[in-house]
Protein chains: 2
Amino acid sequence: MEQGTQRPRIADVAREAGVSKTAVSFAFNSPDRLAPETALRIRAVAEDLGYRPNPVARMLTQRQTMTIGVLTPQALSVIFSNPFFGAFSEGVALAAEEHGYGLHFISPLHGSLARAMSRATVDGVVAIGLSDGHPEVEQIRRAHVPIVLVDSTALPEHGSVEIDDVGGARAAGEYILGLGHRDVLILGVEPPAADLGGPDPDGVTGRRLRGYREAFAAVGARIDDDRVMVGPASVDGGIAIINSAWEDGFRPTAILAMSDAMAIGAMRALRDLRLDIPGDVSVVGFDDIDLAPHVDPPLTTVHQPIRRKGEEAVRLLLSVVERRDLARPEHRRLETRLIVRSSTGPVRARREEVAGDRD
Amino acid sequence: MEQGTQRPRIADVAREAGVSKTAVSFAFNSPDRLAPETALRIRAVAEDLGYRPNPVARMLTQRQTMTIGVLTPQALSVIFSNPFFGAFSEGVALAAEEHGYGLHFISPLHGSLARAMSRATVDGVVAIGLSDGHPEVEQIRRAHVPIVLVDSTALPEHGSVEIDDVGGARAAGEYILGLGHRDVLILGVEPPAADLGGPDPDGVTGRRLRGYREAFAAVGARIDDDRVMVGPASVDGGIAIINSAWEDGFRPTAILAMSDAMAIGAMRALRDLRLDIPGDVSVVGFDDIDLAPHVDPPLTTVHQPIRRKGEEAVRLLLSVVERRDLARPEHRRLETRLIVRSSTGPVRARREEVAGDRD
DNA sequence: CCGGTTTAGCAAACCGGTTTAGCGGACATT
DNA sequence: AATGTCCGCTAAACCGGTTTGCTAAACCGG
């Protein structure tokens, strides 16, 4: 008659089975070192007691956790609301599962990423969106934990996976220019609150902006700084920016968003303003999330292999983790490409109307 | 000159600082037990050596991990592709972060959920969609780990959070009937491959189906079994079902999907079949994911408080975890409600046309 | 029958921390 | 001067497993 007693330990099983702790351990981990019937008996006793080896103790002796961490400088609650992150996690999970690793999500604990990392029991970390200017990069670097960075080059001595942000953005810009648009609005993704650094020219927003500008420069046009507005990479973020831009009198003919979620929000807000897409305003996104083809209208966007990004990051990481081969860090860059759907069209001759509207 | 040496342990810091391990431990955990300057000196040495207490060892002595697990019977890679799960995780993450807990995702390891759970170092588990018929519930039950179930009543001795599936589905059914529809198709969500049990009348699909049927029964109509088709709760799942249904000659005037992702897929497939929504076919979803208002056309769906579900589950769990109060398990049920948008409309008098089309 | 090899299982050390019990010295009290 | 407290710190035990030596008995060939 066992009451609400604690979980049985290995010693309990040993006593009950009349053997040593060693034998119990063997029964689970190297049964061949025991007489078959002994192993069987021990396991029966264990099963009977509901014994389950304490995974923490096991981790301690084996000095590995079979877990990889996904590190994000933003709160998980904001991260998970971005469909991009879901897809990325999907890739990460796929590769991790394949190798028998579990997944642990690490986000700032009481505001500190480094602290959160200290508490986390992981064999390695995939860090996404850890920008160069983050105040804790130095502590993270010193943590002596294998890391692979995604969408960032903040820690060049570690491996990394990125995409061709500049090229993708340039393609989007060229396409929009080809349709005759010159008056555009850029929707940039806000860096996590933690690094207030400002523009961060090497962050995702900076790189994509560079791509857009390259395209414009090539035809002698330009994108003024006041045309670049940043906000959270979410549907609501897109809505908010468009509304405030319209209030400020901006009347662009095309929107270049750095995230599909923002682009979708933008389309929403534009429609609420009684504007037709792409008749009045063209919208281009970035990411090509699963739902991009299914929104109204289907979204023209820059495709990036989101899942593969997650997979590659894990593979890179595990290659370091498994053979402690910290040799030369590998940097991998994946391709992007423009996917034209129906949210973009040629610019309409309505300059005068817009001009009258403004001011 | 330190080479690629291992991470420093507490003993290294102690030696370097000329104190005992105890003192080092105190310097970090209860500095007030040391002379101020001693504590400072020790921390300086630690900082200098790049010492970081091994979290696993710490967990072992404290007998808590400050981590909660999110258990799902499906592979994470399939789970993360469902926007519903993203939102749910958001709620979970929110509540977990608030209490200083980390998040560990647990999915079947080499096919075994119980094994995955054994390896996981968590203080408690939120299990989502663990159906009654799952072959490993018994092992999971015996794991001696606090659990809260979401959308399931498989383990009545543990706490649970569910929603009013039946009521929500009934509301959707009544609304569709009110629009004149009688010829419907139900898109059910597939239980995870692991529990091949079959229909599972108490699973999510079973409960919602009951709701639809109650509504139909109330007006003397019925939904035949062959009108119920199950598939993965994803956009692609919805597309596949609609296509095969149309191939089989079904020409319903309304689709009742048990997941927004499926509903979106269904709309996609319908549009590809040159059908108008809601002119030719009405579509109702379930979940009310963030994007539901933004798809084309905005989706009529049954709203459920997805994030709150995650939050409540964590709160329930932590109330058990923190004071080991296994007293009476709490069961909480959240409300659902129908949100009418534009994917539904009155049935069109086109019966004859459909009849001619069929067979 | 004897020395050598296997086999089955054990005791003890170890993983890297935390915590308990206690000790010597400084200081206060009588 | 003797006694009692407090302070600052330490040695050793402990968390719950795994792993390393090692031993006693069984086995084996000659």
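Chain letters run A, B, ... following the sequence lines, proteins first, then strands; residues in each count from 1. Remember, it's a predicted structure, so these values are computed and weren't measured experimentally.
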- Please confirm whether the backbone N or O of B/A114 pairs with a side-chain atom of B/Q139, one donor and one acceptor, at under 3.5 Å? no

NA contact type, B/Y51, heavy-atom cut-off 4.0 Å: base, sugar-phosphate, or nothing? sugar-phosphate

Within this structure, what is the [atom1]-to-[atom2] distance between [X] and [N], rounded to whole angstrom?
X	N	atom1	atom2	result
A/Q62	D/dT20	CD	C1'	15 Å
A/I42	C/dA8	CD1	P	13 Å
B/R119	D/dG16	CZ	C1'	17 Å
B/R7	C/dG16	CZ	C1'	10 Å
A/D32	C/dA8	CG	C1'	12 Å

Who passes side-chain hydrogen bond (donor to acceptor under 3.5 Å, both in side chains) against [X], sequence neighbours left out?
X	result
B/S160	B/H331
B/R315	B/E98, B/E311
B/R52	none
A/T38	none

With B for base contact, S for sugar-phosphate-only contact and - for none (protein heavy atoms under 4.0 Å), nucleotides 9-15 of chain C reads BBBB--B

B/T153 meets the side-chain contact (heavy atoms from CB on, under 4.5 Å) criterion, sequence neighbours left out, with B/E162

By side-chain contact (heavy atoms from CB on, under 4.5 Å), B/V137 pairs with (sequence neighbours left out) B/L130, B/H134, B/A154, B/L155

For DNA chain D, the expected dot-bracket line (Watson-Crick or G-U under 3.5 Å, [ ] crossing, | inter-strand) is ||||||||||||||||||||||||||||||

Hits for ring-ring contact (aromatic ring centres under 6.0 Å, His included) against B/H158, two or more places apart or cross-chain, chain-then-number order -> none

